[in-house]
S.K.: 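Below is one structure. I have some questions about it.
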Amino acid sequence: MTSVAVDHVIGTIMSAFQEEATLLVGIKDELDEISKELVSMRSFLRDAERNKVMSKGEETWVAEVRDTAHQIEDLIDEYMYYMYRKQYSTVAHRIFLTPKSFLEKRRIASKLRQINKNIIGMDERRKRFGNDHVEVSNDHCDLTLYPRDSAVFMKEDDVVGFVDESRLLKTWLIDGEKHLTLISVVGMGGSGKTTLVAKTCNNETAKSYFDCYAWVTVSQTYARDDLLRKLIKEFHESRKARVPNDLGTKDFKDLVEYLIGYLKHKKYLVILDDVWDVSLWENIKASLPNNEFGSRIIFTTRNEDVGSFSSNVRNHMLTIKPLKNEEAWDLFCMKAFLSNPDKSCPEELKPLALELVRKCDGLPLAIVALGGVMSSKKSTSEWSSVWDNLNWQLNNNPRLEIVKSILLLSFNYLPSPLKYCFLYCCLFPEDYKIKRERLIRLWIAEGFIQNIDRTTPSEVAESYFMELTLRSMLQVESRNARGRPKACKMHDFLREIGISMLEREKFGVVYDEKVKINKCQLHQARRLSIQTTNEDLQLFDNMTRLRSLLVFVDSSVSFSNKWLPNLKLMRSLDLENVAINSLPEVLGTLFNLRYLNLRGTQVEKLPKSIGKLRNLESLDISNTNIKELPSEVAELQNLYHLIMWRKGIANNWGDFLLYNGVQVPFKSSKLKKLQVLYYIEAKGDIIRRLGSMIQLRRMGISNLREADEQDLCSSIHNLKLLRTLRLFMNNESEFLRMDALETPPLQLEKLTLGGKLERVPHWICSLQNLTELWLHWSRLKEDQLPHVAALPNLIHLCLVNSFTGEYLHFCSGFAKLKLFWLINFPQLTEIIIEKGVMPDIQFLWIDSCFALNSVPQGVEFLTNLQTLGLTKFSSSLIDVDSIDRSKLQHIPNVKII
């Protein structure tokens, strides 16, 4: 982890050189020297960290380097604080500040010079005491591979769960398809991938289907030639044939030729267990011929990217899901109560046992290991002690070391920038649903995102998020219509391990009911997550190193005018849903603040001092009581993300008024970097001025009027980069007129039109990239379906009171539609769906259509439909006894409410 801290501070220095060169004049030379020294030390650090058992001297040296990296980062941020403060002060105030700034500059430069000397001295001490070379130990390998090896010999009766998965895997193995097929079994560490494959394939019935068979564990590092030798050995042993004596002398070309010749006329099965490298298949595919005999290759992997990379070979992917609650309980009881009759749990232990099983969150490895620990505990007090100190147990109990080791493999294999991003996720509460956009904005504010040419920080952060989900480090909780993750959560055990790491590495502190306040630890904390109301915020004073403050309590919180100014290095302040109604004026002293989240609070106005936050990049005041921005917001020249909608009076989607915008009493065009803006209230000449904000990518406008048509269409025409557009009228009687828009933004992906329409805008059919369309309260007399049916990429369609007719006839199109909402159609009596329409539809929900007299005709043609919902309907719609159930049998989830 220390190498990550060094990487981060080197990146901070490089970024400062690129973006703030003019402000760094006084300390540039010192930073340049420090950067060179740190770069030279980085390789040794990485070797030291790969060595799982370090000497005391190495541990001390590594900790010293980490603390030094933190000191450098603090000094850079402190320096920038004084420079920003001076740069953006008034002339009179600047005269007063200049002597102080000069002294601070000299003090910081002097400290940096001293740190550079210390770094050189540290490096010399390392060499002097014989730590110049680190021998990387592999002592941990036997421990981490143990459950994988034992899974191969596990009896089928000992395996719990995986019934459906095993059946599907077996089907793919023997489906009769003659082409070579690559099957990927994907899941997080300890999820049971190896156990599933062993259960399905490692029996005589499965083996007899193939002429020869090979099982090879690949792991994180592998030698290509050795892998091929192992395959040859396994193939021969599976046929009880003599293994060639000269394997050790064959080079890659010879090994490939041997395998091709050996497998040329055979139906073979290869299982490559624990694959990490995406390029593995490219490295070995030449040796595994596609001989049209029905051969199969199975990968087990933690990385979905590995599983999806098949290089034009027929392939299947099986994603391992957590065990169901009943299965998890059975497995735990099998291990924890082995000596009890029927392996049953005593009643007095059941509440604690259920909590422990819940903590495992369906992860078989954790359930088995924890069950083994609890098998020796007999009394309620012993069980309570484990539950109360589970984090300690996970990090100190030898019987749980296997869980920690296997889960840590995934962390250790992460690219350096992703390690800090992962640890940051541990600051969120247990089982918390973390929204993707919130998380990536926090990462950006912290400076975790690498600078990549021609790529925005948001795009890079998105790729980091996707990488963590693909590597099974974050569990996807919800996806949008395109399958893109919207929110995630962390597995409890992975989070517990992460919390121990972030506290040990002085990355951050999680303060909840489980820990007591450690003043020394808090004062050194760089990130603080408050998850309990036991203490007042005023107790967290003197936290001068703090970078992020995240508060997850819904009780009243107050900020002291004395406390906030001490947080001069803070970059992120996240108070989402915290019960506060005001912010003090001293907020403006946080010159380094990049991210401010007030979503869901009761704040009624922003302090005027907010204009001093010149580094602020993201401001979220959505669902607050703020009706108007102060004019000082116009000074936030680095702001790129501004979300500020207020809820309307609507109770649900079927009502007209959903969102109110916020008034902007200044020229919004002053915000030159703003890319996300919604919802802004249409007032004055604001609509016309939006046309000059050509950098906008997402925009929402509320309280529109008919008279805004020309200005609105003219402005939208100029916004060529726009990807998301949300428009809502002031009232339900005026028309939303859009015909004056000749050419819409061609990159538009999401469109919402909220208000009465005379006709479907003529330009909608030209939106070839549109994936989401929402027509809200349009009350069209013409059928809107022919205008949108041919949109080639439309995935999500929501129609709310958009049509006043009695019939909806889906006669063609909607080739990629997956989600379809039909809400509040008061006159609609019949829906007809022709065969072949909406072939990919997975979700169909019909709500508040009181005149509808039957389920959609043709619903039986929607063979991919997973969910059908019928809610708030007339009693005449459905007579339970008269429903033709045969038309709905193919739908797994039918909800009639």
S.K.: Judged by atom type as modelled, is there a donor-acceptor pair below 3.5 Å linking the side chain of S714 to the main-chain atoms of Q710?
M.R.: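 No; zero donor-acceptor contacts below 3.5 Å.
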S.K.: What's the shortest heavy-atom distance between N592 and Y81, and which atoms?
M.R.: ND2-CB, 3.7 Å
S.K.: Quick check for you: to the nearest 0.5 Å, what is the distance between L722 atom CG and Q747 atom CD?
M.R.: 10.5 Å
S.K.: Tell me the closest heavy-atom pair linking P761 and M738, and the distance in Å.
M.R.: CG-CB, 4.2 Å
S.K.: For a 4.5 angstrom cut-off between non-hydrogen side-chain atoms, does V9 reach H70?
M.R.: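 No; the side chains remain at least 4.5 Å from each other.
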S.K.: Side chain to side chain contact (heavy atoms under 4.5 Å, CB included), that's the test. Do D708 and I701 meet it? Break it down for me.
M.R.: CA-CA 11 Å; D708 294 322; I701 309 173; over 6 Å; no
S.K.: Return yes if some donor-acceptor pair links the side-chain N/O of S529 with the main-chain N/O of L427 below 3.5 Å, else return no.
M.R.: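 Between the backbone of L427 and the side chain of S529 there is a qualifying donor-acceptor contact (under 3.5 Å).
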S.K.: With no hydrogens and no angle check, do the side chains of E742 and H717 hold a donor and an acceptor under 3.5 Å apart?
M.R.: no
S.K.: Would you say the side-chain atoms of N480 pair up with the backbone N or O of R484, donor to acceptor, closer than 3.5 Å?
M.R.: yes
S.K.: Is a donor from one side chain sitting under 3.5 angstrom from an acceptor on the other, for S572 and D574?
M.R.: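 D574 and S572 do not have a side-chain donor-acceptor pair below 3.5 Å.
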S.K.: For K568, which residues count as a side-chain hydrogen bond (donor to acceptor under 3.5 Å, both in side chains) partner, sequence neighbours excluded?
M.R.: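 K568 satisfies side-chain hydrogen bond (donor to acceptor under 3.5 Å, both in side chains) with Y82 once adjacent residues are dropped.
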S.K.: Quick one: do the N638 and K673 side chains pair a donor with an acceptor below 3.5 Å?
M.R.: yes
S.K.: So, S15 side chain and G11 main chain: donor-acceptor pair closer than 3.5 Å or not?
M.R.: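 No, because the side chain of S15 does not come within donor-acceptor range (under 3.5 Å) of the backbone of G11.
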S.K.: So, D74 and Q71: side-chain donor and acceptor under 3.5 Å apart, yes or no?
M.R.: no
S.K.: Could you check whether E446 and Y420, counting side-chain N and O atoms only, form a donor-acceptor pair closer than 3.5 Å?
M.R.: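 Side chains of Y420 and E446: no pair found under 3.5 Å.
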S.K.: When rounded to the nearest 0.5 angstrom, what distance separates CG in N577 from CG in L598?
M.R.: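 Rounded to the nearest 0.5 Å, the CG-CG separation comes out at 11.0 Å.
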S.K.: Within the structure provided, determine whether L677 and M644 are in side-chain contact (heavy-atom separation under 4.5 Å).
M.R.: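 Of all side-chain heavy-atom pairs linking M644 with L677, at least one is under 4.5 Å.
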S.K.: Please lay out, stage by stage, how S548 and L550 fare under the test side chain to side chain contact (heavy atoms under 4.5 Å, CB included).
M.R.: CA-CA 6 Å; S548 284; L550 297 89; 3.8 Å; yes
S.K.: Is a side-chain donor-acceptor pair under 3.5 Å present for E467 with T469?
M.R.: no
S.K.: Does the pair K111/E30 count as a salt bridge with the N-to-O cut at 4.0 Å?
M.R.: no
S.K.: Set out, in order, the CA-CA distance, both residues' side-chain angles and the distance that settles side chain to side chain donor-acceptor pair (under 3.5 Å) for N703 and N730, then state yes or no.
M.R.: CA-CA 4 Å; N703 298 86; N730 180 58; 3.2 Å; yes
S.K.: Quick one: pull up CZ in R441 and CG in L596 and give me the separation to the nearest 0.5 Å.
M.R.: 11.5 Å
S.K.: Go through the side-chain N and O atoms of S702 and Y678 and say whether any donor and acceptor fall under 3.5 Å apart.
M.R.: no
S.K.: Hey, is CD1 on I694 packed in by over 12 heavy atoms from elsewhere, all under 6.0 Å?
M.R.: no
S.K.: Under 3.5 Å, is there a donor-acceptor pair between the side chain of R594 and the main chain of S618?
M.R.: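 Answer holds: no.
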S.K.: Determine the minimum heavy-atom distance between T624 and R646, stating which atoms define it.
M.R.: O-CG, 3.7 Å
S.K.: Answer whether the closest heavy-atom distance between the side chains of S478 and P485 falls below 4.5 Å.
M.R.: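 Not in contact.
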S.K.: Any idea how W443 and F465 line up, ring-wise: parallel (<30°), tilted (30 to 60°), or perpendicular (>60°)?
M.R.: tilted
S.K.: Verify the distance criterion only: is there a donor paired with an acceptor across the side chains of Y595 and N597 at less than 3.5 Å?
M.R.: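 Their side chains do contain a donor-acceptor pair, which is all the 3.5 Å distance test asks for.
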S.K.: Pick out which of L590, L593, L619 makes a side-chain contact (heavy atoms from CB on, under 4.5 Å) with I610.
M.R.: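 Of L590, L593, L619, side-chain contact (heavy atoms from CB on, under 4.5 Å) with I610 is met by L619 alone.
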S.K.: Is a salt bridge present between K435 and E477, judged by a nitrogen-to-oxygen distance below 4.0 Å?
M.R.: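 Salt bridge absent between K435 and E477.
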S.K.: Distance-only, no hydrogens or angles: does the D711 side chain make a donor-acceptor pair with backbone N or O of D685 under 3.5 Å?
M.R.: no
S.K.: I'd like to know if the side chain of E459 reaches the main chain of T456, judged simply by a donor and an acceptor atom lying under 3.5 Å from each other, with no hydrogens or angles considered.
M.R.: yes
S.K.: Does the side chain of L642 come within less than 4.5 Å of L629's, by heavy atoms?
M.R.: yes
S.K.: Roughly how far, to the nearest 0.5 Å, is the SG atom of C425 from the OH atom of Y432?
M.R.: 12.5 Å
S.K.: Using side-chain heavy atoms (C-beta onward) and a distance below 4.5 Å, is I626 in contact with L606?
M.R.: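 SC-SC contact between I626 and L606 confirmed.
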S.K.: Which pair of non-hydrogen atoms, one from S458 and one from Y640, has the smallest distance, and what is that distance?
M.R.: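 Closest approach of S458 to Y640, heavy atoms only: OG-CE1, 3.9 Å.
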S.K.: Say you draw a straight line from CG of D739 to CD of E758; how long is it, rounded to the nearest 0.5 Å?
M.R.: 7.5 Å
S.K.: Specify the closest pair of heavy atoms between V509 and L502, including all atoms of both residues, with the distance to one decimal.
M.R.: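 So the minimum-distance heavy-atom pair works out to N-CD1, 3.8 Å.
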S.K.: Tell me if a side-chain donor or acceptor on E706 pairs with a main-chain N or O of E734 at a distance below 3.5 Å.
M.R.: no
S.K.: Could you label the plane-to-plane angle of the Y659 and Y679 rings as parallel, tilted or perpendicular, counting under 30° as parallel and over 60° as perpendicular?
M.R.: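 Ring orientation, 0 to 90° scale: parallel.
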S.K.: Cation over ring, R527 on F507, under 6.0 Å and within 45°?
M.R.: yes
S.K.: Please indicate whether K720 has more than 12 foreign heavy atoms, meaning atoms of other residues, nucleotides or ligands, lying under 6.0 Å from its NZ.
M.R.: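 Yes, because the 6.0 Å sphere around NZ of K720 holds more than 12 heavy atoms from other groups.
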S.K.: Could you list the donor-acceptor pairs under 3.5 angstrom formed by side chains in residues 770-777, with sequence neighbours left out?
M.R.:
{"residue": "T771", "atom": "OG1", "partner": "E749", "partner atom": "O", "Å": "3.1"}
{"residue": "E772", "atom": "OE2", "partner": "R726", "partner atom": "NH1", "Å": "3.0"}
{"residue": "E772", "atom": "OE2", "partner": "R726", "partner atom": "NH2", "Å": "3.4"}
{"residue": "H776", "atom": "NE2", "partner": "D655", "partner atom": "O", "Å": "3.0"}
{"residue": "H776", "atom": "NE2", "partner": "F656", "partner atom": "O", "Å": "3.0"}

S.K.: Can you tell me how far apart CG (L439) and CG (L468) are? Round to the nearest 0.5 Å.
M.R.: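 Going from CG on L439 over to CG on L468, the span is 8.5 Å.
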S.K.: Strictly distance-based, threshold 3.5 Å: is any side-chain N or O of S715 a donor or acceptor partner for the main-chain N or O of G691?
M.R.: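 Checking the backbone N and O of G691 against the side chain of S715, a donor-acceptor pair under 3.5 Å is found.
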S.K.: Looking at R547 and L569, what are the two nearest heavy atoms and their distance?
M.R.: CD-O, 3.3 Å
S.K.: Closer than 4.0 angstrom, basic N to acidic O: yes or no for E73 and R545?
M.R.: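 Salt bridge flag = no for R545 with E73.
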S.K.: Would you say that L727 contacts L725 through its side chain, given a criterion of any heavy-atom pair below 4.5 Å between the two side chains?
M.R.: yes
S.K.: Do I686 and S668 pass the side chain to side chain contact (heavy atoms under 4.5 Å, CB included) test, and can you show the C-alpha distance, the side-chain angles, and the key distance before you say yes or no?
M.R.: CA-CA 7 Å; I686 189 72; S668 57; 3.4 Å; yes
S.K.: Go through the side-chain N and O atoms of S622 and R599 and say whether any donor and acceptor fall under 3.5 Å apart.
M.R.: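 Checked: S622/R599 side chains pair up, N/O donor to acceptor below 3.5 Å.
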S.K.: Test E617 against L639 for side chain to side chain contact (heavy atoms under 4.5 Å, CB included), laying out the working first.
M.R.: CA-CA 4 Å; E617 298 170 343; L639 195 66; 5.7 Å; no
S.K.: Mind checking whether E681 and K627 have side chains closer than 4.5 Å, heavy atoms only?
M.R.: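 No, every pair of side-chain atoms sits at 4.5 Å or beyond.
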S.K.: Main chain of D453, side chain of T455: is a donor-acceptor contact present, judged purely on distance under 3.5 Å?
M.R.: yes
S.K.: Assess the residue pair K612 and E585 against the criterion (salt bridge (charged side-chain N to carboxylate O under 4.0 Å, His left out)); give the C-alpha distance rounded to whole Å, side-chain angles, the decisive distance to 0.1 Å, and a yes or no.
M.R.: CA-CA 10 Å; K612 296 179 180 179; E585 280 292 329; over 6 Å; no
S.K.: Would you indicate whether the side-chain heavy atoms of V800 and C798 approach each other to under 4.5 Å?
M.R.: yes
